[in-house]
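A, B, ... follow the sequence lines: proteins, then strands. Residue 1 opens every chain.
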Amino acid sequence: MDDGVFARIYALLATVPPGRVVSYGELARGIGMRQGARVVGWAMRSCPEGLPWHRVVNARGEISRRATEEHEELQRAMLEDEGVTFGAHGRIDMHTFGWRFDTTDSGNNS
DNA sequence: GGGCTGACTGACG
DNA sequence: ACGTCAGCCAGCC
């Protein structure tokens with residue numbers, strides 16, 4: 001089902017479990033677009049319901065500039081509710097919460 | 001059919 | 001560590 005790259009991004013994003021975050025580049029790489037991070041952001045811009053868009057952050061582990069502070073805090077609150085902890089500067093430890101599609105593993109949890 | 005925009009990323013100063 | 005420049009891909013005018 002390739003309704004387009006968007007559908008692929010949505011499907012991949014849907015595989016991200018709670019308490020975990022992924023960057024645009026990581027998603028892009030997951031669908032085969034190493035430099036298509038912008039396209040991923042474009043797909044999110046559609047903001048489809050049922051999609052954990054709040055689990056999508058930039059490579060730095062910060063919330064993207066997509067919206068107002070209000071929405072930014074909302075995303076942060078949702079992530080915290082899932083168990084994600086933010087740094088002093090509102091930064092997520094991608095080393096711990098950063099989800100990977102190729103984990104293959106089994107011990108992926110914190 | 002052509003050009004601009006954009007929820008990004010990585011490199012350079 | 002922070003600010004700026006350029007690149008890449010798909011959708012929209």
Side-chain angles (χ1 to χ4, degrees):
Chain A
M1 31 177 84
D2 55 43
D3 292 300
V5 187
F6 278 41
R8 239 177 244 176
I9 297 170
Y10 298 148
L12 198 60
L13 177 56
T15 65
V16 180
R20 210 62 50 131
V21 294
V22 2
S23 62
Y24 294 87
E26 202 66 42
L27 269 166
R29 191 186 295 187
I31 63 174
M33 288 178 9
R34 205 153 80 103
Q35 306 287 39
R38 295 184 105 161
V39 182
V40 176
W42 205 255
M44 295 291 100
R45 196 231 182 177
S46 221
C47 258
E49 285 185 38
L51 206 71
W53 58 271
H54 55 273
R55 286 181 203 151
V56 186
V57 295
N58 58 20
R60 295 181 194 171
E62 296 182 318
I63 299 173
S64 300
R65 42 167 280 158
R66 116 189 203 266
T68 58
E69 269 181 57
E70 197 177 335
H71 260 178
E72 188 174 315
E73 297 222 7
L74 174 63
Q75 182 168 358
R76 176 173 169 171
M78 288 173 61
L79 289 174
E80 285 188 316
D81 185 60
E82 293 190 352
V84 179
T85 54
F86 283 69
H89 261 295
R91 245 184 350 200
I92 304 170
D93 184 359
M94 296 299 284
H95 192 69
T96 305
F97 297 102
W99 174 256
R100 280 210 180 191
F101 303 109
D102 51 284
T103 49
T104 12
D105 74 80
S106 358
N108 55 10
N109 101 63
S110 52

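With the nearest nucleotide of DNA chain B identified for both A:Val39 and A:Gly25, A:Val39 has the one nearer the 5' end. Of the two residues near DNA chain C, A:Arg91 and A:Arg60, the one whose nearest nucleotide lies more 5' is A:Arg91. Along DNA chain B, the nucleotide nearest A:Trp42 and the nucleotide nearest A:Asn58 are compared for position; the residue whose nucleotide lies closer to the 5' end is A:Trp42.
Remark: C1' of C:dC9 and OH of A:Tyr24 are 16 Å apart, rounded to the nearest angstrom. What separates CG of A:Leu27 from P of C:dC9 is a distance of 17 Å, to the nearest Å. One can place CE of A:Met44 at 18 Å from P of B:dG6, the figure rounded to the nearest angstrom. Between the OH atom of A:Tyr10 and the C1' atom of C:dA10 there is a distance of 11 Å, given to the nearest Å. Across the protein-nucleic acid pair, A:Arg45 atom CZ and B:dC8 atom C1' stand 15 Å apart, rounded to whole Å. To the nearest angstrom, P of C:dC9 lies 15 Å from CZ of A:Arg29.
Atom-to-atom distance recorded for A:Glu62:CD and A:Met94:CE is 10.5 Å, nearest 0.5 angstrom. The distance from atom CG of A:Leu27 to atom CG of A:Leu12, rounded to the nearest 0.5 Å, is 5.5 Å. One finds the CD atom of A:Glu73 at 9.5 Å from the CD atom of A:Glu80 (value rounded to the nearest 0.5 Å).
For A:Gln35, counting side-chain heavy atoms from C-beta on, the closest listed nucleotide (C:dC8, C:dC9, B:dT9) is C:dC8. The side chain of A:Ser23 has B:dT9 as its nearest neighbour among B:dT9, C:dC8, B:dA7. Taking only side-chain atoms of A:Arg38, from C-beta outward, the nucleotide of C:dA10, C:dG7, B:dA7 with the closest atom is C:dG7.
Nucleotide C:dA6 forms a Watson-Crick or G-U wobble pair with B:dT9, both donor-acceptor distances falling under 3.5 Å. Figure legend. B:dC4 is base-paired to C:dG11; pairs are counted as Watson-Crick or G-U wobble with both atom distances under 3.5 Å.
In this structure, A:Arg55 places its CZ atom where more than 12 heavy-atom neighbours from other residues, nucleotides or ligands lie under 6.0 Å away.
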